[in-house]
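Please read the structure below before turning to the comments.
Proteins get letters first, then strands, A, B, ... in listed order; numbering begins at 1 in each.
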Amino acid sequence: MRATPEVPDDGGPAIAGTGIRKDYGDRAVLRGVDLTVGWGEIAVLFGANGAGKTTLLRILAGLTRADAGTTHIAGRPMHRRGNRARRLVGFAGHQTMLYNDLTCRENLAFYARLYGIRDAGGRIDEVLEQATLSDRANRRVRTLSHGMQKRLAMARAILHRPAVLLLDEPESGLDAESVATLGDLLRDWATSGRAALLTTHSAEVGLAWADRSLTLAGGRIESDVAPERSGPAQPTMLQ
Amino acid sequence: MRATPEVPDDGGPAIAGTGIRKDYGDRAVLRGVDLTVGWGEIAVLFGANGAGKTTLLRILAGLTRADAGTTHIAGRPMHRRGNRARRLVGFAGHQTMLYNDLTCRENLAFYARLYGIRDAGGRIDEVLEQATLSDRANRRVRTLSHGMQKRLAMARAILHRPAVLLLDEPESGLDAESVATLGDLLRDWATSGRAALLTTHSAEVGLAWADRSLTLAGGRIESDVAPERSGPAQPTMLQ
Amino acid sequence: MELLRGALTVAWKDVRLELRSREVIASALVFGLIVVVVFNFGLNRAPGSLAPVAPGLLWVAYAFIGVLAMNRAFTRELEHGGLDGLLLAPISRDAVFLGKMLGSLAFMLVIEAILLPVFAVMLDLPTLSPTLGLVILLATVGFATVGTFFAGIAVQTRSREILLPVLFFPVVVPVIIAAVEASALALQGGPMTAVWTRWAPLLLVFDALYLVICPWIFGFVFEG
Amino acid sequence: MELLRGALTVAWKDVRLELRSREVIASALVFGLIVVVVFNFGLNRAPGSLAPVAPGLLWVAYAFIGVLAMNRAFTRELEHGGLDGLLLAPISRDAVFLGKMLGSLAFMLVIEAILLPVFAVMLDLPTLSPTLGLVILLATVGFATVGTFFAGIAVQTRSREILLPVLFFPVVVPVIIAAVEASALALQGGPMTAVWTRWAPLLLVFDALYLVICPWIFGFVFEG
Amino acid sequence: MAAIAGRPAGKASWQRGLRDARLWLLLITAVLMLVDGYLIFMVAPTDAVLGHVQRIFYVHVPISILSFLGFLICAVAGIGYLIRRTERWDRVAHASAEVGVVFVTLALVTGIIWARPVWNAWWQWEPRLTTTLILWFIYVAYLMIRQYAPTPQQGRTWSAVVGIIGFVDVPIVYYSVQWWQSIHPKQVIGPEAAEGALEPIMAQILVFSLVATLALFTYLLLERVALRGIEDRLSQLRREGNTD
Ligand code: HEM
Ligand SMILES: Nc1ncnc2c1ncn2[C@@H]1O[C@H](COP(=O)(O)OP(=O)(O)OP(=O)(O)O)[C@@H](O)[C@H]1O
Ligand SMILES: Nc1ncnc2c1ncn2[C@@H]1O[C@H](COP(=O)(O)OP(=O)(O)OP(=O)(O)O)[C@@H](O)[C@H]1O
Ligand SMILES: [Mg+2]
Ligand SMILES: [Mg+2]
């Protein structure tokens, strides 16, 4: 990431959510989640299948409406008209958000225009390079393998140089090399003062990356600890 | 897996492919893959993104047509009319093959009928139990989390008690507990004399499960070794 | 038997999904109503000008609705790779074809049954006879057979919606023509010998022909 | 400006997806020809009987294409969650709506423009005037606006089954009726005062109304 | 046809032989066409009712019939392709569809030219004409689907199945004059032809025209198959050069 980080100097912490609640019909998924992620921090969110990780991330990204609670990105509220806050967020979820019949480059060019990036060409080459997809730049997304599509989705998420990254299981489906590249990217991310919140099921990967490790269970943040950066993986922490 | 295994006593090895070739337009993906997986064996297929793992598995399952080469399951050819061979195979891929607007139980009941399972009710309860989805049995698939859907897809794959399992990244998206359950299932699988071929990007998980570890690169099986079962993971082996 | 079991399982699944969401029937109905109203307003300018064209209008409306329904039947299959699930199962490709076809046939017949009285009132169709019912049934079978087949192809292409009619209509036009002729006779309420000696058998021949060819070649449509 | 940039980006993406390799244009052309063939053979039993029904047929064909186009515009968005991508972007919901609407509008207008001469020749439409062009444009704007809105709803769950027939139908039928009436007048080539004093203003009012209401409520449709 | 579908034994000499055969065939076709022209314009009697336009008959009928042959070959080769899966069958199917489309197009054109004087209208919505037009659409769709398929392999399979199911329309075209009240003349060739529908001299010239047009048809087909062979070779070379 040679790009100049666009960390806003005003406002509050990178990510702030208070009292987030979400029910689906008769099932309370989130029962009052409070969390704050500061600048320069990589927070990893653990939790069993169905714990509500995706729901939480989508609420933070403004894709799903919470039943109660507030969410702020860099101190700015995320709501329907929150264009400013949305520009600060990069999101990659379970779905790739790519168009099968556009090429890799066309997909990125589309999102670049949506985010109002000027002279997008160079930036697109840059992120394609980071996703090691340069040689597939002019191939349709349909013809990429599953992992390649996930890498392109990642490239799409960082394309507009967001200050805050929200990633839902970013390492799943990636080969060992790509996981390493992603780790490097996140390291740069933190050192340049930006922030990321990601979920993963891999204790090994997650703990290696995390400045903070959160666990979501029973609709609440159950534990919130800072693992030793260079220490060994502690799978016991997961329970 | 308390189910009686239905390993056919006739015929050849569990999975046999010879000289499998596949081109996509001007790109040669598989350039002559030969592989055999014997009964009672769990083979894990490693390979970078885009190496052709999914393509190979789909060809073995009879979903994609190879340009050249032959594939046999339990000595029976997999071709368009190969109903017998198809009954022996359980497949779970990148897509869940589930219908969003049917409940878990309805999805399984549908597949049970397709596979001609009599008295499917009990068997469906059994696999739902194994996928720890009993409490969601009557919920629509649409309302399940990503990992739960993957687990249901897995339940669907083993529903008809196949002798051979073909799994494409079965552990991705599953939480730690489910991965452990899956490991147990595969262990039973091997000891009861059945066979499985699976792909994964996780050296840790893959090597722990594998009786044999294959690597796909350059369109061919590049290495084919039997890791020490109880030894430590050897990530160096991956390249 | 194997064949029938597989086909009915697939068809039943489609019917059940449709009963959940009602999207095919709802949207087809809306479109059918729009067509009736438009025809009525647009056509009823010269009095009595509707009667001679009524059978044609009926079938044009049915044909369009059929395309919508068949499209939907397959896009639903592709959502999470359900089609792969069908192809993996130990049922022959014919059974998959027949299942999808029976599902579409059921939807179309339901929609046609709902729309027929509406059309009868709004287009001044003279008589509704069992013969007309039989003609509709026969023509719809041929229609659903060919339509299911081409929907299987079109759904795998980029511009599937528009490609389906392009592939489908030319092949099905003979069926439509025979159906229009037969319906015209049936609606006139006169002697129906021509229906029985010529059109019904012709429709039967078409149906039989397509029912033999389509399942056979359908298997090839889904080879990656 | 923000609004327009976002909307145009979205629309342009849809146009580009649609225009990949001119598939659509070619298919639309063939589609139109086939529809004419079906109409002609189905309806042309008494000679000269097609002329009075021509405007109605024109709009039935257009409505069919419109429904297909708008369906496609949204199913494509859902394939890999592209809609989430749009909602994440720093453009307002209005821009997303407008973009999808403009894309469908462009697509429909292109097809209509291609099909009009085909219909003119084959259905013996008497005169093609600029007035007709204007009528088509106005009606298509209304159609695309309402259609986009409901396609957006229809791809979401739940509400569609009631909303689609109950809302879409009454909302879009007036537009089509006005269009048919106006087209009939325009095609007759006589004095067009009625078009200018009654139908065109009516269509304009519909368009304006829908263009104000739809973007506004659209934002609420897409809240998880 | 047998030579094309045969084994590739002695490839180079076989191909050279085929090239020579095509040259000879071209020559023979040219001669036959010239003689045919002479027969049509100089020998054939002028029709008592229709006058000189009737001479189109000798072009219109063979061309229509041979377009049927083209689609028959297309369907058969399609079946062959689905069973054998060798490009050779596909080449034949593709080429015969293209030649067939050219021939129906000509049948439509000659028919339209003929219709103007005898029916006083370029076009009638009439069963034979409509079904012929539909035949044209079906095989245009055949050629379209080839291009629109996601992979070339799918294009080949899909077009094969379209060719097979599309052939159903050919008998419909043929019988359309019988099934529906049609103003188009009834069959003079094939199973439903009435005895003595034509004067002997007309029948003889028609048969000669048929032979001449068949020669042209065969030449075009062979040429197109050969061209497809070259195209395939080219894309194969490109694939081999593409190491990933
Ligand atoms: C665009 C207009 C026309 C089309 C598409 C058309 C099409 C065909 C076709 C496909 C055939 C061969 C089918 C068969 O052998 O049964 C045919 C044969 C024939 N056509 Fe036409 N035709 C057209 C106009 C005409 C006209 C205007 C005439 C003269 C009045 C005519 C006279 C004949 C005759 C005499 C035959 C041979 C009869 C036969 O073998 O069927 N055609 N036409
Ligand atoms: N549309 C919906 N309707 C009803 N329930 C839902 C819906 N979406 C999610 N849920 C429920 O909300 C809970 C949380 O789902 P979520 O997808 O957030 O889990 P997750 O932590 O991301 O799980 P995974 O690790 O499997 O991705 C689950 O129990 C799920 O069943
Ligand atoms: N429909 C297609 N058209 C063109 N190329 C394709 C198509 N499907 C796959 N490929 C190519 O084939 C190669 C192998 O793809 P495949 O999906 O088998 O990889 P994989 O090993 O499963 O990768 P991953 O680990 O990312 O899932 C890739 O280079 C991909 O781009
Ligand atoms: Mg999740
Ligand atoms: Mg894969």
Side-chain angles (χ1 to χ4, degrees), chain A residues 22 24-25 54-55 57-67 76 78-103 106-117 120 140-142 149-150 152-153 156-157 159-160 162 166 168, chain D residues 1-24 72-100 102-103 107 155-158 215-224:
Chain A
K22 178 77 190 174
Y24 281 112
T54 298
T55 308
L57 249 64
R58 286 179 61 92
I59 288 173
L60 291 173
L63 283 175
T64 299
R65 195 184 172 80
D67 295 330
R76 291 165 188 165
M78 281 300 266
H79 56 64
R80 278 198 330 116
R81 311 219 165 264
N83 286 358
R84 289 250 199 74
R86 265 188 264 137
R87 194 186 297 280
L88 296 174
V89 176
F91 178 87
H94 288 308
Q95 289 185 296
T96 57
M97 307 185 195
L98 300 168
Y99 298 94
N100 263 343
D101 284 311
L102 293 180
T103 64
E106 284 167 346
N107 265 291
L108 294 178
F110 166 62
Y111 280 104
R113 235 168 307 157
L114 274 189
Y115 281 86
I117 302 176
R140 302 216 178 145
V141 167
R142 187 185 289 289
Q149 294 191 9
K150 279 217 64 155
L152 187 58
R156 188 197 57 70
L159 178 67
H160 59 290
L166 299 172
D168 204 358
Chain D
M1 277 307 87
E2 261 323 85
L3 180 80
L4 210 64
R5 179 178 59 79
L8 286 180
T9 307
V10 174
W12 173 237
K13 183 261 304 168
D14 274 358
V15 169
R16 168 174 251 162
L17 268 172
E18 212 51 86
L19 288 194
R20 283 255 103 113
S21 72
R22 310 229 160 33
E23 223 163 278
V24 177
R72 183 89 196 96
F74 271 95
T75 47
R76 183 189 291 136
E77 244 14 286
L78 289 193
E79 233 168 53
H80 288 287
L83 198 64
D84 283 350
L86 296 184
L87 299 179
L88 278 171
I91 56 173
S92 62
R93 266 60 171 152
D94 317 6
V96 174
F97 176 81
L98 229 80
K100 294 306 288 179
L102 286 177
F107 182 68
V155 294
Q156 312 270 71
T157 28
R158 296 280 146 69
W216 181 63
I217 31 182
F218 186 77
F220 296 104
V221 170
F222 287 102
E223 285 177 354

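Between A/Arg87 and A/Arg76, every side-chain heavy-atom pair lies at or beyond the 4.5 Å cut-off. At least one side-chain heavy atom of D/Phe74 sits under 4.5 Å from a side-chain heavy atom of D/Lys100. Residues D/Arg16 and A/Leu102 meet the side-chain proximity criterion, which asks for heavy atoms closer than 4.5 Å. Looking only at side-chain heavy atoms (C-beta outward), D/Asp14 and D/Leu102 stay at 4.5 Å or farther from each other.
Of all the listed residues (A/Gln149, A/Met97, A/Arg58, A/His94), the one sharing the greatest number of non-hydrogen pairs under 4.5 Å with chain D is A/Met97. Of the listed residues D/Leu86, D/Thr9, D/Leu17, the one with more heavy-atom pairs under 4.5 angstrom with chain A than any other is D/Thr9.
For a residue to count as touching a neighbouring chain, one of its non-hydrogen atoms must lie under 4.5 Å from one of that chain's; by this rule A/Phe110 touches chain D with backbone and side chain alike.
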